[in-house]
Undergrad: 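Input: one structure, supplied below.
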Amino acid sequence: MQQPPILVVGSLAFDVIFSIPHDFRQSVPLEDGQIRSFNATYVANEKDEFPGGTAGNIAAWLGTIEVGCSLFSAWGEDLKVKGYQERLEQVGAQLR
């Protein structure tokens, strides 16, 4: 029996992960077990980008179980430039 086509609708994005040079928990000032003031400004020492987005993650997972899909989303040139479009197509996703 033929697999029915799967339509995946959602976002295509790049997840950006920043690293800070120390343990984040040390940056939260506690007084009597309560956070009294909190400065959420940090200097990152490293930045990584990973392909992501809800639709992209689902399409990639479907590819791991060898099920192709049509992926309906909006995206920019960076998808092709950074190789994400090619990776999705290699796992059987058709971008629409």
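Residues take their numbers from the sequence shown, with the count starting at 1.
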Undergrad: Over all heavy atoms of both residues, which pair between Ala60 and Leu88 is shortest? Give the atoms and the distance, please.
TA: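 Closest approach of Ala60 to Leu88, heavy atoms only: N-CD2, 4.4 Å.
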Undergrad: Are Leu62 and Val91 close enough that some pair of their side-chain heavy atoms sits under 4.5 Å apart?
TA: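 Counting from C-beta outward, Leu62 and Val91 never come under 4.5 Å.
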Undergrad: Does any N or O in the side chain of Ser11 come within less than 3.5 Å of the main-chain N or O of Thr54, such that one atom is a donor and the other an acceptor?
TA: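 Answer holds: yes.
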Undergrad: Is atom NZ of Lys80 surrounded by more than 12 heavy atoms (other residues, nucleotides or ligands) closer than 6.0 Å?
TA: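 No, because the 6.0 Å sphere around NZ of Lys80 holds 12 heavy atoms or fewer from other groups.
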Undergrad: Taking the side chain as C-beta and beyond, is there a heavy-atom pair between Leu79 and Leu12 under 4.5 Å?
TA: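 Yes - at least one pair of side-chain heavy atoms lies under 4.5 Å apart.
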Undergrad: Using a 4.5 Å cut-off on heavy atoms from C-beta on, say whether the side chain of Phe50 contacts that of Val16.
TA: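 No. Closest side-chain heavy atoms not under 4.5 Å.
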Undergrad: Any chance you could lay out the side-chain contact (heavy atoms from CB on, under 4.5 Å) test for Glu89 and Leu95, step after step, and finish with the verdict?
TA: CA-CA 8 Å; Glu89 290 170 345; Leu95 281 72; 4.1 Å; yes
Undergrad: If I compare all heavy atoms of Val43 with all of Pro21, which pair ends up nearest, and what's the gap?
TA: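 Scanning both residues, the minimum pair turns out to be O-CD, 3.5 Å.
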Undergrad: Have Gln94 and Arg96 got a donor and an acceptor in their side chains that come within less than 3.5 Å?
TA: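 Distance-only check passes for Gln94 and Arg96.
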Undergrad: Taking the side chain as C-beta and beyond, is there a heavy-atom pair between Leu7 and Phe72 under 4.5 Å?
TA: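 Of all side-chain heavy-atom pairs linking Phe72 with Leu7, at least one is under 4.5 Å.
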Undergrad: Check whether Tyr84 and Trp75 end up in the same hydrophobic cluster, where Ile, Leu, Val, Met, Phe, Trp and Tyr are linked by side-chain heavy atoms less than 4.5 Å apart.
TA: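 As far as the 4.5 Å side-chain criterion goes, Trp75 and Tyr84 are connected within one cluster.
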Undergrad: Kindly give the heavy-atom pair with the smallest separation between Val9 and Ala55, and that separation in Å.
TA: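 Reported closest heavy-atom pair: C-CB, 4.1 Å.
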Undergrad: Do you know which two heavy atoms are closest between Gly10 and Ser73, and how far apart they sit?
TA: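 That closest heavy-atom pairing would be O-OG, 2.6 Å.
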Undergrad: Indicate, with yes or no, if Ile17 and Ile20 share a hydrophobic cluster defined by side-chain heavy-atom contacts under 4.5 Å among Ile, Leu, Val, Met, Phe, Trp and Tyr.
TA: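 In one cluster: no.
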Undergrad: Flag the pair Glu46 / Phe18 as yes when at least one side-chain heavy-atom distance between them is below 4.5 Å, and no otherwise.
TA: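 Glu46 vs Phe18: side chains apart.
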